[in-house]
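Quantities reported herein were computed from a predicted structural model and do not represent experimental measurements. Numbered from 1 within each chain, the chains take letters A, B, ... in sequence-line order.
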Protein chains: 2
Amino acid sequence: MRTVDPAKHEAKRRAILDAAAGCFAMKGFEKTTTAEICRAAGISTGSLFHYFPNKRAVFVGIFEQDADETAALLAAAEQIEDPGEAILQVITHVSEQLLHPVIAKLVLEVAAQCSRDADLARLIQGNDRALRDGLVGLVTRAVDAGRIDPGFAPKTVASWLVALVDAPLSRVILEPDLDPAAELAVMKELIARFLRPVLSISPPAGGRVPDTGEISPG
Amino acid sequence: MRTVDPAKHEAKRRAILDAAAGCFAMKGFEKTTTAEICRAAGISTGSLFHYFPNKRAVFVGIFEQDADETAALLAAAEQIEDPGEAILQVITHVSEQLLHPVIAKLVLEVAAQCSRDADLARLIQGNDRALRDGLVGLVTRAVDAGRIDPGFAPKTVASWLVALVDAPLSRVILEPDLDPAAELAVMKELIARFLRPVLSISPPAGGRVPDTGEISPG
DNA sequence: GTCTATATAACGATAGAC
DNA sequence: GTCTATCGTTATATAGAC
C-alpha cells in the first residue's frame with residue numbers, strides 16, 4: 001500500500017518553487033544558497049534534494065509553470081471578438097505582471113542566466129515564442145479587420161509587442177517610485193499609435209509611411 | 001625619483017577592464033573568477049588587486065566609463081540643428097551598441113546586479129538619467145518646433161525613448177540570428193509614429209488622441 | 001610592481017539515522 | 001520522507017619573495 005500522495009508531493013514542490021522564487025529575485029541565482037531556499041520553504045537542507053536534483057532545477061522549475069499560464073491567457077484572448085481588444089488584453093496582463101518589482105527582478109535574472117545556459121534559454125525562448133505566436137494570430141485578425149496598419153508583417157509586430165512589455169524593466173528596478181498605472185497608460189498609447197491604420201489617402205507599402213515632415217525613420 | 005608612469009598605470013587599468021568585461025558578459029559576475037580575469041588580461045592573480053581593491057570594483061569600473069561616453073554623445077547631438085534628427089542620432093547610437101550580443105549580455109547582467117547592490121544601482125541610475133535628461137532638452141526643442149506631438153511631458157517621452165532601446169535586449173540574447181539593421185528600422189518607425197504630431201483638427205490634450213476607432217489606450 | 005603560494009571561508013550535495 | 005552532520009570543492013584576497 002503506497003502511502004505517497006502525489007497531490008501532496010506536487011503541492012510541496014510548488015511551495016518550494018514559490019519560496020525559491022522570492023529568494024532568487026532578492027539575491028540572484030548564484031548568491032541564494034540552497035540553505036536559504038530551505039529556510040524560506042520551511043524544510044531542511046536534505047529535503048530539498050528529494051524534490052529537485054540540484055539548485056538549477058529549482059530555478060528552472062519556476063519558469064516551467066509559465067507555459068500553462070501563457071496558454072490560458074491566449075486561449076481567453078482568442079474568445080474576444082474584437083482582435084484589437086484581445087491584443088490589448090494580452091499586453092496589459094503581461095505588462096501588469098512585469099511591473100511588479102519582484103517579477104521584474106526575476107525576469108532580469110533569468111535573462112542574464114539564459115545567455116549562459118542553453119537549456120534554460122530554450123525553455124524561455126519557447127515561452128516567448130508561444131506568446132509571440134499567439135499574438136501573430138490576433139494581429140493577423142486585426143489587420144484583416146482593418147483595425148491595425150498592415151505596413152509590417154504580423155510576426156514583426158508580434159515580436160515588438162512582446163519586446164515592448166520588457167521595455168520598462170530596468171526602470172522598474174532603478175526607479176522605485178515608478179507608477180505602474182502611468183507606465184501602462186503610456187505603453188497602451190504607444191502601441192495604439194504604432195498600430196493605428198495610416199489615415200492618408202495612399203495606403204502604406206513596404207513598411208513606409210507618407211512623409212509628413214516630422215522625424216523619419218530613414 | 002618616482003618610476004611610476006600614471007599613463008601606463010591607467011592604460012593597464014583599462015586593459016584589465018576590457019578583459020573583465022568580456023568575462024563578465026560570458027559568465028556573469030559571480031561565476032567569473034578573478035583568476036579568469038587575470039588570465040584574460042595577461043597578469044597574475046596578485047597583480048589584479050594592485051589595480052582594484054576587489055572583484056566588484058572591477059565590475060563597477062566598467063560602467064564608470066559610460067558617463068563620459070554619454071556626455072560626448074549628447075554634446076554632439078546638441079550641435080545638430082534639427083532636434084528630431086538629434087534625437088534619432090542619440091537613439092540610433094545607443095541602440096546599435098545594445099544590439100551587440102556581448103554588450104546586451106553585459107547590460108542584462110548589470111541590471112540584475114543593480115537590484116541587489118544599491119551603490120551600483122546609483123551609478124547606473126545616474127548614467128540612465130544623464131541620457132534621459134539630455135533627451136528631455138532635445139524633446140523640448142522638438143516640441144517647440146512643432147516637430148513632435150506635445151501630448152506627453154518631455155520627461156515622459158525621454159524616459160520611454162531610453163526604455164525603447166532596451167526593449168529588444170531579451171531577443172538579442174534568445175534569437176541569435178536577429179538582424180540588427182531590421183530591428184533598428186522598426187524601432188525608428190515605432191518612435192516616429194509615437195512622436196508624430198497628431199494630424200487632427202483639435203490638438204490633443206492630456207495625452208489623449210482623438211478617437212478614431214482603432215485600438216485605444218483606455 | 002609582479003609574481004607564487006596559501007589562509008580562510010563558504011557552498012552544494014551526500015550519507016545515513018530515524 | 002525528513003532530518004542532522006559533514007565532505008569535498010572552489011573562490012577571494014593576502015603574504016611575502018624578488
Spacing between [X] atom [atom1] and [N] atom [atom2], to the nearest angstrom:
X: B:His9; N: C:dG1; atom1: NE2; atom2: C1'; value: 9 Å
X: A:Glu36; N: C:dC11; atom1: CD; atom2: C1'; value: 11 Å
X: A:His50; N: C:dT14; atom1: NE2; atom2: P; value: 14 Å
X: B:Lys8; N: C:dG1; atom1: NZ; atom2: P; value: 10 Å
X: A:Ile37; N: C:dA13; atom1: CD1; atom2: C1'; value: 13 Å
X: A:Phe49; N: C:dC11; atom1: CZ; atom2: P; value: 13 Å
X: A:Phe52; N: D:dT2; atom1: CZ; atom2: P; value: 13 Å
X: A:Leu48; N: C:dT14; atom1: CG; atom2: C1'; value: 13 Å

Side chains of [X] and [Y]: does their closest heavy-atom pair fall under 4.5 Å?
X: A:Leu108; Y: B:Leu108; answer: yes
X: A:Glu30; Y: B:Lys31; answer: yes
X: A:Val157; Y: A:Leu161; answer: yes

- [ ] With the side chain of B:Thr45 defined as its heavy atoms from C-beta on, choose the nearest nucleotide among D:dA11, D:dT4, C:dA5.
- [x]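 Closest of the options to the side chain of B:Thr45: C:dA5.
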
Open item on the list: Looking only at the side chain of B:Ile43 (C-beta and beyond, no hydrogens), which of the listed nucleotides D:dT14, C:dC3, C:dG12 gets closest?
Closed with: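 Nearest to the side-chain atoms of B:Ile43, counting from C-beta on, is C:dC3.
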
Open item on the list: Has A:Lys188 got a side-chain atom pairing as donor or acceptor with A:Glu183's backbone, closer than 3.5 angstrom?
Closed with: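 Side chain of A:Lys188 to backbone of A:Glu183, a donor-acceptor pair under 3.5 Å: no, none is there.
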
Open item on the list: Other residues, nucleotides and ligands only: do more than 12 of their heavy atoms fall within 6.0 Å of CZ on B:Arg14?
Closed with: no

So, OP1 or OP2 of [N]: does either fall under 4.0 Å of a side-chain N or O from [X]?
X: B:Ser47; N: C:dG1; value: no
X: A:Lys12; N: D:dT2; value: yes
X: B:Tyr51; N: C:dG1; value: no

- [ ] Could you check B:Gly46 against A:Thr33 and say which one's nearest nucleotide on DNA chain C is further toward the 5' end?
- [x] B:Gly46

- [ ] Please work out if A:Ser44 contacts a base, only the sugar-phosphate, or nothing of the nucleic acid, heavy-atom cut-off 4.0 Å.
- [x]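 The answer is base, as A:Ser44 lies within the cut-off (heavy atoms under 4.0 Å) of a base atom.
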
